[in-house]
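Down below is the structure, laid out as structure tokens.
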Amino acid sequence: MRPLQAILVRLVLGSSLALVVSPTTALGAQDAPPKMKLPKAEQPKAQKAKTDTGPKVAKLPNSPLFKSLEPLDVTLTLNVKQIKKDRSDKAPWRSATLSYSDTNAPNDTRVVPVRVRTRGIWRLKNCDFPPLRLNFVNKDAKGSVFHDLDEPKLVGVCKGMSNYDQYLLQEYQLYRAYRLLTPMSHQTRLLKMTYVDSASAKVEMTKWAFVVEDPAHLAAHFGGKIMNVLGATQEDLDGEQATLAYLYQYMIGNTDFSFGGLHNAELLALPTGVNMPIAYDFDFAGAIDASYATPDTSLRITRVRDRQYRGFCEQNPLVPKVLQLFRDKKPAIYALYGDQIGALMAPKVVKETLAYFDAFYATISDPKEVEKRILRECRKSR
């Protein structure tokens, strides 16, 4: 029995979930556990019986941070020298604060205690400023925009040059585009982040950054659980959701992921027994074309701007249906590059990104090209 099956064996098997799933649909009748009858010996005496108010339903995460699209100006104060030395994925949590303008706070500035620690693999080794994970205590963040976040990722610029600011904005847009296609994706919020050294009170830099929703919070909205189990195959994954994920990676030209290896990917196990693949971390995508990005060395492509489909042949019958979703969402995806976030990007970058998407949509509008570049390029699982 495969490792994933062994851990999921107690889940009730069900039919595949629809491609686009709302939190309400995903929970269904599973959102509250059934009442359990106590054994006779444990039944309370009649005179002490209490009124049964029904099972308690867990409160879903609902952070105000993700309620707005407006970029939020924040200041992160931390020991910069210390955090730059933390180049291990097992680095300790460090004390810091996040502050922002809030008319309901003393002096119109709200200061929220937070802990930070370094994370990542490639970025941790190659970036001038390491990527961080944040840790909020709800009682400290109560009433602030950072309430109910727990442990989200903070995606910041890798290096101080201006093109890295553009890379970050491009990646943020790819998170937004993915979420237009499926709710099985992380919520995000763009920040204008000023970094201040707590030891010297010196402003280090002001750069774009964005917060990525805690995986456990994403899972909670669907009544599921993130499974940290390696070795998932195409048979373990919901077919339509996997097809969507593989086609999205093809659309943006990203090969830096593995659902079986949990590399830039998560598996969300739903109460129905269905396992949903969730993609994240898109900075190696051809749509961004970062100077440091390279394709997976095991593939035939030699540059990230080239596309190679990595879905499985068993999912080919689902491709036409999923591609129709991409066609339906094309106006909304392109609109991202003309809204208030798109306006922050360099016009040349917007033009090149949309031209890259144009090539994808030209492919999927031609049945012969779909056959040649997608269906014939599928991977055989056996």
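Keep in mind that what you see is a predicted model, and the values were worked out from it rather than measured.
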Yes or no on side chain to side chain contact (heavy atoms under 4.5 Å, CB included) for I83 and D86, after CA distance, side-chain angles and deciding distance?
-> CA-CA 5 Å; I83 208 72; D86 289 345; 3.9 Å; yes
Stepwise, does the ring-ring contact (aromatic ring centres under 6.0 Å, His included) test hold for Y246 with Y248?
-> CA-CA 5 Å; Y246 283 119; Y248 185 66; over 10 Å; no
Yes or no on salt bridge (Lys or Arg N to Asp or Glu O under 4.0 Å) for R305 and E352, after CA distance, side-chain angles and deciding distance?
-> CA-CA 11 Å; R305 291 289 277 188; E352 290 175 350; 5.8 Å; no
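Less than 6.0 angstrom separates the ring centroid of F257 from the ring centroid of F259. Taking the six-membered ring for Trp and the full ring otherwise, Y175 and F282 have centroids separated by under 6.0 Å. Residues Y361 and F326 keep their aromatic ring centres 6.0 Å or farther apart.
Side chains of V114 and T97 form no contact here, defined as non-hydrogen atoms less than 4.5 Å apart. Two residues are said to be in side-chain contact when any heavy atoms from C-beta on lie closer than 4.5 Å; V212 and V155 meet this criterion. Inter-residue side-chain proximity for I364 and I374 is flagged as met; some heavy-atom pair is nearer than 4.5 Å.
A cation-pi arrangement is absent between R110 and Y100 under the rule of less than 6.0 angstrom and at most 45 degrees off the ring axis. Stacking of R189 on the aromatic ring of Y172 is not recorded, the 6.0 Å distance cut-off and the 45° axial limit not both being met.
A salt bridge links D339 with R176; the closest basic N to acidic carboxylate O contact falls under 4.0 Å. A salt bridge is defined here as a Lys NZ or Arg NE, NH1 or NH2 lying under 4.0 Å from an Asp or Glu carboxylate O, and K202 with D197 fails to meet this definition. By the 4.0 Å N-to-carboxylate-O rule, R123 lies close enough to E171 to be salt-bridged with it.
Between M205 atom CE and D165 atom CG the span is 9.5 Å, to the nearest 0.5 Å. The distance from the CZ atom of R119 to the CG atom of L124 is 9.5 Å, given to the nearest 0.5 Å. Remark: E213 CD to E151 CD distance equals 14.0 Å, nearest 0.5 Å. Distance CG/L237 to CG/L267: 6.0 Å, rounded to 0.5 Å. Taking CG of N79 as the reference point, atom NZ of K84 lies at 11.0 Å (rounded to 0.5 Å).
Environment of CG in N107: sparse, with no more than 12 heavy atoms of neighbouring residues, nucleotides or ligands closer than 6.0 Å. Counting heavy atoms of neighbouring residues, nucleotides and ligands inside a 6.0 Å radius, atom CD1 of I121 does not exceed 12 of them. Crowding of K225 atom NZ: a count of heavy atoms from other residues, nucleotides or ligands under 6.0 Å not exceeding 12.
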